[in-house]
Amino acid sequence: MSCKNHKVIMGIETSCDDTAIAIVNSKKDILSNIVINQNTNLSKYGGIVPEIAARDHLANIDYAVQEALELSKCKLEDIDLIAATGGPGLIGGVIVGTVFAKSLAMSLDKPYVAVNHLEGHALTARLTNNIEYPYLLLLVSGGHTQIIAVLEYGKYSRLSSTLDDAAGETFDKAAKILDIGFPGGPMIEKMAMSGDPKSYQLPRPMYKSKNPNFSFSGLKTAFNQTVLKNTLTKNNISNLSASIQKAISDCLVDRTRVALDQFKMMINKNSNVQLVVAGGVASNKYIRNELEKLAFISNTKFHAPPINLCTDNGAMIAWAGYEKYIYEGETNLNFKPRPRWPLDPDAHQKNPIHSKIGKSGVKA
Ligand code: KG4
Ligand code: ZN
């Protein structure tokens, strides 16, 4: 695939623990997608240490860019647009990516776009599954659990969010309690394969509630108490993993069912109803399958990006950067990295728990 037939976009993602660079073109070809993750380093500490993560981004970013260029068979001069995550996320990492992207854009004299990381996840299915607006998005990652009506580019209406922990955070904490490694989601999924999901009774917070908000802290506490009462044999770890995976999945499906009814009232009666799942937790096969069943009985078309593009990556940032550029043009080089950057800036007003605005702005 030649670089020059279409606009070529470099996507830079450094908001958490992955240093990710991708080259994507405007025809939706992913020419390269390099992800250097810090899992080995981070498992030593049982989680992400922001200062260490930021230093690792700095050490990895040049190499990741070189690899991405080589794989894509593009040269730096072939790049038409440089898109980088500008927030929300761990500020040290976001600064590394933003300064890198601005310097590259200046030296190449090419436009720079600051991308909202959540918008990257939200628009991934447009890149990978070629879907049209509107759709209902279940965004489930390490830091966020939200349901958003994606009506068109830039028109996002949040229907719900978590009142406490995110789904990915719950997977990570469960894995930490079981002492099976970091990040927790993939470890729990692996152990759950040989476990019985009915072996332990765990709560489903907010189950059957009329609004589609989430809550996971009660489930986390109940899981901790259950684990304390048991010896951690391999068999028990598998059963506990299968039980918490099913509890999280049941909550996600139940809340999405409520949101789907609300979404159907928001869109034109003749539009196809589409459900998209995105974010790291969307790579869980059990959860994908359960959501697909919900979509089937709800007369809804279900889309999930390929598993490797659910967790953080540069391709989603390149694509969201391209769409943003089309609608809004380039970002001023005086853009300041944003630790907080909600997709829907008014959503917190509907949710009293999120109504406090701190020094860094509204929580995402
Ligand atoms: O989107 P992501 O890569 O980073 C954030 O933006 O937060 O999501 C990372 C989260 C972690 O909490 C991780 O445990 C979870 O996604 N995750 C999974 C799986 N793979 C990653 N959770 C459940 N099952 C998985 N297979
Ligand atoms: Zn993410």
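Atoms within each ligand, like the ligands themselves, are counted from 1 in listed order.
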Kindly indicate whether the side chain of Leu240, heavy atoms from C-beta on, has any atom under 4.5 Å from the side chain of Thr226.
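Yes. Closest side-chain heavy atoms under 4.5 Å.
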Nearest-contact summary for atom 7 (O) of ligand 1 - protein heavy atom, Å
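Residue, atom and distance for the closest contact: Gly142 N, 2.8 Å.
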Among all protein non-hydrogen atoms, which one is nearest to atom 26 (N) of ligand 1, and what is the separation to 0.1 Å?
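It is Glu189 OE1, 2.7 Å.
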In this structure, is the centre-to-centre distance between the rings of Tyr325 and Trp319 below 6.0 Å?
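Between Tyr325 and Trp319, which both carry aromatic rings, the centre distance is not below 6.0 Å.
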Any donor-acceptor pair under 3.5 Å from Asp312 side chain to Asp18 backbone:
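A pair under 3.5 Å: no.
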Can you tell me how far apart CD1 (Ile237) and CE (Met191) are? Round to the nearest 0.5 Å.
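The CD1 atom of Ile237 sits 5.5 Å away from the CE atom of Met191.
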For the pair Lys220 and Asp165, find out whether any cationic side-chain nitrogen is under 4.0 Å from an anionic carboxylate oxygen.
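Counted as a salt bridge, because a side-chain N and a carboxylate O are separated by less than 4.0 Å.
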What is the name of the N/O/S atom of His117 that is nearest to the Zn ion (ligand 2)?
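Going by distance to the Zn ion (ligand 2), the closest N, O or S atom in His117 is NE2.
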What's the atom name of the N, O or S in Asp312 nearest to the Zn ion (ligand 2)?
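Nearest N/O/S atom: OD1.
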At their closest point, which heavy atom of Pro197 faces which heavy atom of Gly195, and how far apart are they?
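So the two residues come closest at CD-O, 3.6 Å.
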Would you say ligand 1 has an N or O under 3.5 Å from any N or O of [X]?
X: Cys16; answer: no
X: Pro183; answer: no
X: Asn284; answer: yes

Classify the contact between [X] and ligand 1 as side chain, backbone, both or neither, using a heavy-atom distance cut-off of under 4.0 Å.
X: His144; answer: neither
X: Lys285; answer: neither
X: Asp172; answer: side chain

Suppose we only count N/O/S atoms under 2.8 Å; would Cys16 qualify as near the Zn ion (ligand 2)?
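Not a single backbone or side-chain N, O or S atom of Cys16 is under 2.8 Å from the Zn ion (ligand 2).
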His144 near the Zn ion (ligand 2): N/O/S under 2.8 Å:
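Looking at His144, which is the residue asked about, there is no N, O or S atom under 2.8 Å from the Zn ion (ligand 2).
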Numbered atoms of ligand 1 (with element) below 4.0 Å of His121, judged on heavy atoms
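Answer for ligand 1: 1 (O), 6 (O).
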For atom 17 (N) of ligand 1, state which one of Gly280, Gly279, Ala192 supplies the nearest heavy atom.
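Ranked by closest heavy atom to atom 17 (N) of ligand 1, first place is Gly280.
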Cationic tip of Arg126 above Tyr133 ring, under 6.0 Å, 45° of axis:
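Yes, a cation-pi geometry holds between Arg126 and Tyr133.
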